[in-house]
Amino acid sequence: MSPQLSTDGVTKRFGGVTAVDDVDIEVEQGEIVGLIGPNGAGKSTLFNCITGALTPNSGTVRLDGEELSELPEHAVAQQGLIRMFQHTRVYGEMTVRENALVSTAEDAGLAGSLTPPGDSTRERASELLEYVGLGGLTDVKAGRLSFGQQKLLEFAMALMREPDVLLMDEPAGGINPAKLNQLIEYIRDVNSERSVTVLLIEHNMEFVMEVADRIYVLAHGETIAEGSPTEIQNNERVLDAYLGRE
Amino acid sequence: MSSVLQFVINGLLVGALFAATAVGFALIWGVVDIINLAHGEMLMLGGYVSYYTLVVVTGEAVASPALALATVPVAIVVVFVVGYLLQRLLVAQVLGTDAFLSLLVTFGLSIGLQQVALKLFSADTRRIAVEFADPSLTVGGFVVPKLKLVAFAGAIALTAALFLFLQRTRTGRSIRAVAQNPEAAALVGIDVAHTRAVTFGLASAIAAGAGAFIAMILAIQPQMGLIYTLKSFIIVVFGGIGSVPGALVGGLLLGTVEELVAGVVSSRWTLAVSFGLLIVLLIVKPDGLFGTGVRE
Amino acid sequence: MSSLDTSLDRLVPPTRVRAWFEFGGRHAWTLLGVGLLVGAVVPFVVGDGFYLSVAGEMLMFAVLALSWDIVGGQTGYPSFGQMAFFGIGGYVTAIMFRDFGVFWPGLVLAGVLSLVAAAVIGAVVLRLRGGYFAIATLGILLTLTEITRNISITNGVDGISFLSTLPATTFYYVFLGLLGVEAGLLYYLSQTRFGYTLNAIRDDEAKVNAMGVNTTYYKVTAWMLAALFTGMAGGAWSLFNFFIDPLTAYNTAWNVELIAMALLGGTGTIVGPILGGMGLHAIIRLFVETYFTGWQLGLLGLIIIVTIIVVPSGVVGWLEERASAMDYYEHGGGAAGEESGGETGGEPE
């Protein structure tokens, strides 16, 4: 079976610096894959290349076997690949409910947007907001929510798009440690119940080892290791990269 | 062919004044981080200060070259103070808020100053008549009006003086430090608010000097400012924000284009071509304009 | 400051303000209907002299401010060139009337041509942001002014004057109709995903893009909508005014004036720009022009500066903020989801 999402020799240079260097990763349908690496390893740049926010200098990105590399960002998202940002990105002056409604995938065209959202969309929005625990705050402006609540809202917005693949940039960053288990449950739940494939960047090792099926390690723009959490934890090169041993 | 070259010469002579105006515009943009839509009004004020200084002192708007030149420093000093106070009292209030609000405040300022000028100076166009015994030089078959040559030299001198000031003086170094990183500048003991106001004052003063020369070679009018603001914008977009040499080249080029259009087509179309050029520049060079490119 | 706050609380208590908004939200269509009805009666009350002109102009400025706000307030692209479409519309009806003696077909054509011009201009300038967008739109306005000054069909700098036989009440009702249709349309759209998407673009355009929406279509559509109403308002105005020339048709000062109106009333709302447009124009026409003749523009600059510094979100925006200030806590926001302690565990990259 061919992977659902793959990068093949993706390279991105900024001036003289190669931020992502010939990276191949493969994500199978239904997997939760972690992407780790020290700061500046090129993780976020790789995300930007996958989503079309940046155009790679060389290499290809494929979703379900179809090439994405030439598509603009919004077209990539329309293919079912949705990303969440490292710093929360919600529409601050709009209410929580409007944030969810505007994110729907139904009638995604301009013409379809000219009628008020239908009952099914509204129910879906209510259900998802309830699911992430924001059911009581639907009429509050999103900008007034706490950081953690905004992350949950962004999660619900992504789910409104009914993604096939979800890219999460540091989902655990800034979240109250006591709430991390809940977050792991959310991710596992959308993965199994809503059959969403997940690729996530994470710095919190405990978290990523717990949630991911498989992990890629990036350092200096290159993939230096790939394997199950246990394999990664015992990989010499990974320890070198993290501890700065040469 | 020789007439085309003559237009180019005319264009370069006027273009230096555009450049001097644009240098100040670019400086405010780079250091204070504001697109100052009232920049042209500083030029207009400079023209009027120069004109009225002459009228008050001699009783008429006719002067010898030396006397006319003597009014330029007056315009520079007066408008420096105006610019300093405007930044301190007004523009500083909207710094750090939405970019649109600061644009709108300076636009409001522009309109307000035009109105004040209309009330004080009336809508008539004014001109300082400078009397040369022998008004034009002829060099290799081309006519070079001495007055325009003086204005050209004055504009270049103003631009060069600003450049040297920024490079060589302590205040100049503070200005450059604030442009690069206001927080860091504050940490090393630079009074950021004062430095910004000095920048605003200097930029306005240069424009005022250009305005004084424009009063001699062309004419001044209360509503002339906006056009010069837009020309400055064109030049800065072309030459790069904060680049003095870029602004100089851009200004000379814009002057040349305008004189060529005026000479070859008709002077009625110069402004339409300039503004059209602005829009074309913005379309062709959008990447360079967004500054740092990719967000985050 | 705190004593000011308490007196404000007594004067406009948040709960009462919220009740107004809730009432307005529930009865929006009824209120629009009542507004139009009151508007329709005005000519019978004030006759067709000076005050009808002023009332017509107030409606026209409400249309202009509301149109500016579609793009400037709702979508976050503040334009300094909205008057470009006013001028296009104005010249279309003027030329149609001069050459063919008709008004209504000219008014329709004014709308159509404004739409076409907006599609072309919008596709270009809406790729720019912030100051670049603002200045590009100003550049468009000035370019059109210069072109109009130099071509013969518009009669150059001299402009076109005519003796329109249409009564002033006709124009009054045109402006009223435009405002009614526009306000109704915008209110309807504010409850659709189109309206939400415009607001989302204002709040975070890159995010909208990342969520799979081609923002260009939405921006250009909003821009065209604004141009349609602005163009038709301009179309009615040139005959209403018996005269059109480049400087009044593409009036930069008016452009700033209508921004000030939207800003003063409250951008991103529907009521705000309408009230701002009508209110500010009434003040200018009935008060400023009488007691401060020749100082209109100076006062306008002053109003803008004071508004921006004192009430940057406008009167309606300010009331809305007051109304929703307590929402978060009343809905148990402090308890639901994250505690504040959870916000410091981040590891910045």
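Please read these numbers as outputs of a predicted model, since none were measured by experiment.
Counted within 6.0 Å of CD on Glu206(A), heavy atoms from surrounding residues, nucleotides or ligands total 12 or fewer; the atom is thus considered open. Heavy-atom neighbours of Phe21(C) CZ from other residues, nucleotides or ligands within 6.0 Å: above the threshold of 12.
Closest approach of Tyr91(A) and Asp203(C) over heavy atoms only: C-OD2, 3.2 Å. Taking both residues in full, the closest heavy atoms of Thr115(A) and Tyr188(C) are given as CA-OH, 3.4 Å, listed atom of the first, atom of the second, then distance. The minimum heavy-atom distance linking Leu101(A) with Arg193(C) is given by the pair O-CD, 3.7 Å. Of all heavy-atom pairs between Arg89(A) and Lys207(C), the closest is O-CE, 3.1 Å.
Note that CE of Met211(C) is 9.5 Å distant from CE of Met84(A), once rounded to the nearest 0.5 Å. Going from atom CD of Glu93(A) over to atom CD of Gln74(C) covers 11.5 Å, rounded to the nearest 0.5 Å.
Between His74(A) and Asn209(C) there is a side-chain heavy-atom pair separated by less than 4.5 Å.
Using a 4.5 Å cut-off between heavy atoms, Met160(A) makes no contact with chain C at all. For a residue to count as touching a neighbouring chain, one of its non-hydrogen atoms must lie under 4.5 Å from one of that chain's; by this rule Ala178(A) does not touch chain C. Proximity to chain A (any heavy atom under 4.5 Å) is restricted, for Thr221(C), to the side chain, taken from C-beta onward.
Contacts with chain C were tallied for Met94(A), Glu98(A), Lys151(A); Met94(A) has the most, counting heavy-atom pairs under 4.5 Å. When the candidates Thr215(C), Asn214(C), Asn199(C) are compared by the number of heavy-atom contacts under 4.5 Å with chain A, Asn214(C) comes out ahead.
In terms of modelled atom types and a separation under 3.5 Å, the side chain of Arg83(A) and the main chain of Ala210(C) share no donor-acceptor contact.
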